[in-house]
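On a predicted model such as this, the values are computed, not experimentally measured, just so you know. As the structure lists them, so they are numbered: ligands from 1, and atoms in each ligand from 1.
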Amino acid sequence: MCGIIGYIGKREAAPLILRGLHRLEYRGYDSAGIAIVSGEKLFAVKSAGMITALEARPELKRLIGNIGIAHTRWATHGEPTEQNAHPHLDCKGEIAVVHNGIIENYMELREALQKRGHTFNSETDSEVIAHLIEESYEGVLEDAVARALKLLEGTFGLAVVHTGERKVVAVRRSSPLIIGIGQDEMFVASDVAAVVEHTSRVVHLDDDEIACIRQDGFSVMRLSGEMVEKRVDKVEMSLSQIEKKGFKHFMLKEIFEQPASITNLLRGRLKDGKITLTPNLGLARFERVIFVGCGTSWHSAIIGRYLAENLAGIRAEFEYASEFRYRKPIVTNRDLVVVISQSGETADTLGALREAKKRGARTLGIVNVVGSTISREVDGGIYLHAGPEIGVASTKAFTSQVMALLLLTLYIRQERGLENDPELIREAAAMPAKINAMLDNLDVIKNIAREFASYKNFIYLGRGINYPVALEGALKLKEISYIHAEGYPAGEMKHGPIALIDDGFPVVFIVGNDAQHEKVLGNMQEVKARKGRIIAVCSEGDTDAARVADYCITVPQTSPLLSPILNVVPLQLLAYYVADAKGLDVDRPRNLAKSVTVE
Ligand code: F6R
């Protein structure tokens, strides 16, 4: 969460890093700040609110200089006020620090620093870092940072500047950080999106590495003092991928990108009825698969279990990463733990991955962001190649994750010597065209969204493989429209939630075209009998569901195992149009951030 960026070069730093900061805004957007080293002086400007509020500050004009750092915040410690915004400065105003992460022992450090005469200007955990560096400073910034770090517990991505030195020092422990290598200029940032406009050459820092970045190069050492030779990676992302291209919001653009993102996922992996995945992990030998993730990726994990049991005939479980990592999970080297994460940086998912490895399991990542921490720590992986997902609400990553899980489980099936169903393979290949067809006609969804935008509660119900789709539909609605929405297994409704149903309580049914179809119709009748208003997502030609529902959104027919991919699209659109009708900031919903790198 929080985005950080730094620059050193020949150009004016402020406009450059503010533009880059906008590309990181999805990581947090409750306050922002910038510090520029100008000659022997340091100037900082901070503001509550989004980066545009910072840009409106007249003092920005005085920020002249070629070295700078900036920050966009997702508050953890201290309210999102100007005072708590980063950068934080030391007592003398010579050192500025931007921080992404959490300093767990900040209370004791702060008390000790105050006793030694340091004055604090914020309530944040991060400010201790500036004061600790101040105490350790003996003329070489990276050495002072290294000494200060030995006292810190927690997670951090840091960028630090000092008025007396032409360099930016950057450090990483569990919070992502890359160095961008330009022509006579260098960058540091939380994510490549911030620098892609200027360079396609990046270096991914690893935990406990300290980078000293100068205009003409950089060096990296471990906290232990030993120098490290880093590999330079080529960035896959292009600038046009991170622009809205005429769409009102990134979320809408990303919903529309799903035919392309699924095509990219399938490319080279589906041929002549066979699945090709690399590297070969010897997947046939595992006795159990455990799928873990958070949020939307956890919904994919649930689908993973259905697919693994149905297609690969393998014992399967799913779990929240934040729970898995703190249990004492019994896993062995006969278990495959599949970690699912769009960003590849989610702290809980990374924690679960490390726990699984520690306990001897083999691990496989289903990740979108190339070069992310999870993608580098798993034993093997499947990249989604969905392109950057910038809207905070995950859309195209979800459908690609489901397709990746289908490929993975079909692959295990193949490895176990079982035949694949050619019809299922054909249907998988047809998904992009089927989503495209749905995106051609949005009037029904727009009308339903307009009609229901003022309701206060929704419940989403589905069974079997469409139960996680109900969870995902409810999550999308609540996170961007702030309407209370619950997802539930349809069969469980009569065990409690049915008490909520009346004519003011819309119920969204996901009606699969599968063995449980009749059961879902029965659940719809139960809602109808209590005057609940029913919105049904059902397959074309499902006249039974259409007859019971008050509103019907149809999706093309497909195999039940692929139905989540088609059924979720109208739910993404419904949430989008409801939030838009309410005039909300769809891409930056309150209290949220895209990349959750804290626990
Ligand atoms: C919801 C959403 C979140 C993420 C979750 C995990 O729309 O985006 O629930 O799915 O924070 O993120 P990743 O997949 O990056 O690990």
Which residue is it: Arg376, Arg354, Arg173? I am looking for the one with a salt bridge (charged side-chain N to carboxylate O under 4.0 Å, His left out) to Asp207. Arg354
Checking Arg533 against Tyr551: is there a side-chain donor and acceptor pair closer than 3.5 Å? yes
So the atoms of ligand 1 within less than 4.0 Å of a heavy atom of Lys476 turn out to be 1 (C), 7 (O)
Assert yes or no for the condition that the ring centre distance of Phe398 to His299 is strictly below 6.0 Å. no
Under 3.5 Å, is there a donor on one side chain and an acceptor on the other for Asn457 and His484? yes
Quick test: of every protein heavy atom, which one is nearest to atom 6 (C) of ligand 1, and how far off is it to 0.1 Å? Cys294 O, 3.3 Å
In the protein, what heavy atom is nearest to atom 16 (O) of ligand 1, and what distance, to one decimal place, separates them? Thr346 OG1, 2.4 Å
Is Arg362 positioned over the aromatic face of Phe286, cation under 6.0 angstrom from the ring centre and no more than 45 degrees off axis? no
Any N or O of Lys594 that comes nearer than 3.5 Å to an N or O of ligand 1? no
For atom 3 (C) of ligand 1, closest protein heavy-atom neighbour: Thr296 N, 4.1 Å
Ala393 heavy atoms, cut-off 4.0 Å: which ligand 1 atoms fall inside? 7 (O)
Would you check if there is a donor-acceptor pair between the side chains of Ser372 and Glu345 at a distance under 3.5 Å? no
In ligand 1, the atoms that come under 4.0 Å of a heavy atom of Ser343 are 13 (P), 15 (O), 16 (O)
Say whether Gln401, considering both its backbone and side-chain N or O atoms, lies within less than 3.5 Å of an N or O atom on ligand 1. no
Counting neighbours of CD on Glu79 that are heavy atoms of other residues, nucleotides or ligands and sit closer than 6.0 Å, is the number greater than 12? no
Count the heavy atoms of every other residue, nucleotide or ligand shown that sit under 6.0 Å from CD of Glu236, and state whether that count exceeds 12. no
Within ligand 1, which atoms have a heavy atom of Glu479 less than 4.0 Å away? 1 (C), 7 (O)
Close-contact set for ligand 1 against Ser297 heavy atoms, below 4.0 Å: 10 (O), 13 (P), 14 (O)
For atom 11 (O) of ligand 1, what is the closest protein heavy atom, and at what distance to 0.1 Å? Val596 CG2, 4.0 Å
Is Ile374 close enough to touch ligand 1? Criterion: a residue heavy atom under 4.0 Å from a ligand atom. no
Among Thr346, Asp348, Leu353, which residue satisfies the side chain to side chain contact (heavy atoms under 4.5 Å, CB included) criterion with Leu350? Leu353
Run the contact test for Glu345 against ligand 1 with a 4.0 Å cut-off on heavy atoms, strictly below, and give the result. no
Ligand 1 to Gln342, heavy atom cutoff 4.0 Å, flagged ligand atoms 13 (P), 14 (O), 15 (O), 16 (O)
